[in-house]
Chemist: 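Sharing a structure with you now.
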Amino acid sequence: MAAELTSTKLNAENHLLLDQPLLRLPHELARKNFKSVQRIVERERDHVIPALKEAANASIFNTQTPDQTLAALDAMILRMQSLKRKMETLHEEEQKIQIQSRKRIQHLDSLHDIPSLADVKYDQWSRVRLDRLLVDHMLRSGYSESAKHLAKEKGIEDLVDLDVFVQCQRIAESLRRGETKDALHWCGENKAALKKSQYNMEFELRLQQYIEMIRSGDKSKLVEAMVHAKKYLTPYAETQSTEIHRAAGLLAFPGDTKAEPYKSMYSPDRWTYLSDLFVRTHNELLSLPSRPLLHIALSAGLSALKTPSCHSAYTSSSSNSFSTTTSVCPICSTELNELARNMPYANHTRSYVESDPIVLPNGRIYGQQRLLEISKVCSAETNKVKDPTTGEVFDQSEMKKVFIM
């Protein structure tokens with residue numbers, strides 16, 4: 001009884017290892033929102049305070065007419081009103097993030113109130129998590145509308161990151177279409193954070209703009225490309241010197257060149273590369289895992305269940321999805337067999353090997369007593385044993401004992 005209670009006891013901390021991004025993303029969004037507020041306030045402060053001092057001095061020393069002073073004050077009032085609107089928008093965004101964080105914390109905290117894996121509340125909590133993983137997978141795969149409908153139907157809008165992934169997919173799609181405007185705007189909004197990134201997103205976008213100017217072959221565009229390179233590429237001379245030298249070499253090669261690396265630089269496949277690079281950069285900045293959480297959860301489950309027999313050369317009877325007499329092994333199933341092929345085997349600390357193992361001439365190992373019982377039912381011949389997996393029949397004298405070292 002004690003062993004049963006131990007095996008069904010819920011370890012909340014282990015369960016929450018998969019759910020770290022659930023709280024990490026709102027934290028990153030709140031930090032980004034705070035940085036935006038700080039940047040806007042500092043910019044307006046640096047403009048308004050000097051302008052206010054100038055207007056005050058002008059009114060004291062009569063260096064401006066009253067109308068000029070009033071016009072300066074009106075301009076400052078308009079800037080302050082604009083600042084107020086921006087702050088209200090950012091405040092609403094902050095409140096939304098706080099509400100989202102509170103609901104996520106409540107969702108995760110409820111797991112600590114569930115004592116056992118057998119509790120019906122755990123089934124409910126697991127169902128919500130599965131729905132979250134499915135929505136996350138849909139969003140990463142580009143099925144935004146389906147993800148929205150599922151989240152709304154299940155009432156988990158605050159537990160998934162719809163807006164973040166929709167924006168990410170929109171910009172990634174624009175890059176696949178050969179447009180850099182949205183991606184550059186995103187880089188401008190995250191300029192400070194991108195300095196710490198391991199990816200050179202903005203440089204790659206500016207390089208692509210340069211390539212498109214060169215591709216046209218128009219002389220005016222070539223001059224524009226050189227100006228563009230001087231303004232946007234040379235600041236990266238210390239870290240991207242090789243790429244900049246190659247970019248300079250493009251001036252001597254037409255768009256249909258066969259010479260490398262210029263052929264690859266002109267290739268339309270660079271747009272796909274930029275799209276993938278943007279997704280990786282986006283996920284890095286927001287501390288999002290590069291793989292869908294559903295894949296991570298499946299990988300853990302597949303490793304826990306996988307055994308060498310799951311990828312045996314012989315087909316197990318349990319792999320027949322139409323069988324009604326045997327349970328289907330998830331690893332042996334046609335849906336997951338290939339996915340699990342490269343996963344490591346489970347690390348079992350407890351042995352489940354039969355106490356009387358024997359090996360048949362075909363190399364398959366079974367418990368002797370259980371094999372004899374099955375053979376007695378399945379085969380009418382005496383002194384014969386039947387392999388329940390392959391259907392082969394052998395003499396009992398051909399069985400050999402197995403000793404585990």
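FYI, the numbering just counts along the sequence from 1. For the numbers below, each heavy atom of this structure counts, side chains included, while hydrogens, waters and symmetry mates do not.
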Chemist: In terms of relative ring orientation, are His282 and Phe165 parallel, tilted or perpendicular, with 30° and 60° separating the classes?
Modeler: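 Judged by the thresholds at 30° and 60°, the geometry between His282 and Phe165 is tilted.
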Chemist: For the residue pair Asn362 / Glu392, report whether a side-chain donor-acceptor contact shorter than 3.5 Å exists.
Modeler: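 Yes - a donor-acceptor pair under 3.5 Å links their side chains.
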Chemist: Checking side-chain polar atoms at under 3.5 Å, does Asp256 have a donor or acceptor matched by the opposite partner on Tyr266?
Modeler: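 The criterion, which ignores hydrogens and geometry beyond distance, is not satisfied for Tyr266 and Asp256.
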Chemist: So that I can tick it off, tell me whether Glu202 and Lys191 are bridged by a salt bridge, with the cut-off set at under 4.0 angstrom between side-chain N and carboxylate O.
Modeler: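 Judged by the 4.0 Å cut-off on N to carboxylate O distance, Lys191 and Glu202 do form a salt bridge.
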Chemist: Please determine whether a side-chain nitrogen of the Lys or Arg among Glu212 and Arg215 lies less than 4.0 Å from a carboxylate oxygen of the Asp or Glu.
Modeler: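 Judged by the 4.0 Å cut-off on N to carboxylate O distance, Glu212 and Arg215 do form a salt bridge.
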Chemist: Could Lys96 and Asp163 be called an ion pair, given the rule that one side-chain N must be under 4.0 Å from one carboxylate O?
Modeler: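 Yes, charged N to carboxylate O under 4.0 Å.
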Chemist: Scan side-chain atoms only and decide if Tyr236 and Ser241 contain a donor-acceptor pair under the 3.5 Å cut-off.
Modeler: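 No pair is found: no donor N or O on one side chain lies under 3.5 Å from an acceptor on the other.
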Chemist: For the residue pair Phe253 and Tyr262, does the interplanar ring angle fall in the parallel (under 30°), tilted (30 to 60°) or perpendicular (over 60°) class?
Modeler: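 Parallel: the ring planes of Phe253 and Tyr262 meet at under 30°.
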Chemist: Could you tell me whether the side chains of Glu189 and His185 share a donor-acceptor contact shorter than 3.5 Å?
Modeler: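 Judged by distance alone, the side chains do pair up.
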Chemist: Under 4.0 Å between a side-chain nitrogen and a carboxylate oxygen: does that hold for Lys401 and Asp356?
Modeler: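 No, this pair does not count.
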Chemist: Kindly determine whether Lys221 and Glu224 satisfy salt bridge (charged side-chain N to carboxylate O under 4.0 Å, His left out), including the steps that lead there.
Modeler: CA-CA 5 Å; Lys221 284 288 185 181; Glu224 186 180 343; 3.8 Å; yes
Chemist: Run the salt-bridge test on Arg31 and Glu28 with the 4.0 Å N-O cut-off and return the result as yes or no.
Modeler: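 Looking at Arg31 and Glu28, the cut-off is met.
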Chemist: So, are Glu179 and Lys181 salt-bridged, with charged N and O less than 4.0 Å apart?
Modeler: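 Result for this pair is no, no salt bridge flagged.
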Chemist: List the residues meeting side chain to side chain contact (heavy atoms under 4.5 Å, CB included) with Ala229, not counting sequence neighbours, and say none if there are none.
Modeler: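 In terms of side chain to side chain contact (heavy atoms under 4.5 Å, CB included), with neighbours along the sequence ignored, Ala229 is linked to Tyr210, Leu233.
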Chemist: Would you call Asp182 and Arg170 a salt bridge, using N to O less than 4.0 angstrom?
Modeler: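 Counted as a salt bridge, because a side-chain N and a carboxylate O are separated by less than 4.0 Å.
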Chemist: Please tell me if the side chains of Met138 and Leu150 come closer than 4.5 Å, counting only heavy atoms from C-beta onward.
Modeler: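 Heavy-atom side-chain distance check passes, below 4.5 Å.
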Chemist: So, are Glu173 and Arg176 salt-bridged, with charged N and O less than 4.0 Å apart?
Modeler: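 So Glu173 pairs with Arg176 through a salt bridge.
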Chemist: Is the shortest distance from a Lys or Arg side-chain nitrogen in Arg45 or Glu42 to a carboxylate oxygen in the other one below 4.0 Å?
Modeler: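 No, this pair does not count.
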Chemist: How long is the gap from OG1 on Thr180 to CD on Glu204, to the nearest 0.5 Å?
Modeler: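 Thr180 OG1 to Glu204 CD: 13.0 Å, rounded to 0.5 Å.
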Chemist: Using a strict 4.0 Å threshold on nitrogen-to-oxygen distance, state whether Arg246 and Glu243 make a salt bridge.
Modeler: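 Salt bridge flag = yes for Glu243 with Arg246.
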Chemist: Does a side chain donor of either Asn383 or Asp395 reach within less than 3.5 Å of an acceptor in the other side chain?
Modeler: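 Side chains of Asn383 and Asp395: no pair found under 3.5 Å.
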Chemist: Charged N to carboxylate O below 4.0 Å: is that the case for Glu44 and Arg79?
Modeler: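 Salt bridge present between Glu44 and Arg79.
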Chemist: Walk me through it: do Arg291 and Asp136 pass the test salt bridge (charged side-chain N to carboxylate O under 4.0 Å, His left out)?
Modeler: CA-CA 10 Å; Arg291 297 170 59 201; Asp136 174 81; over 6 Å; no
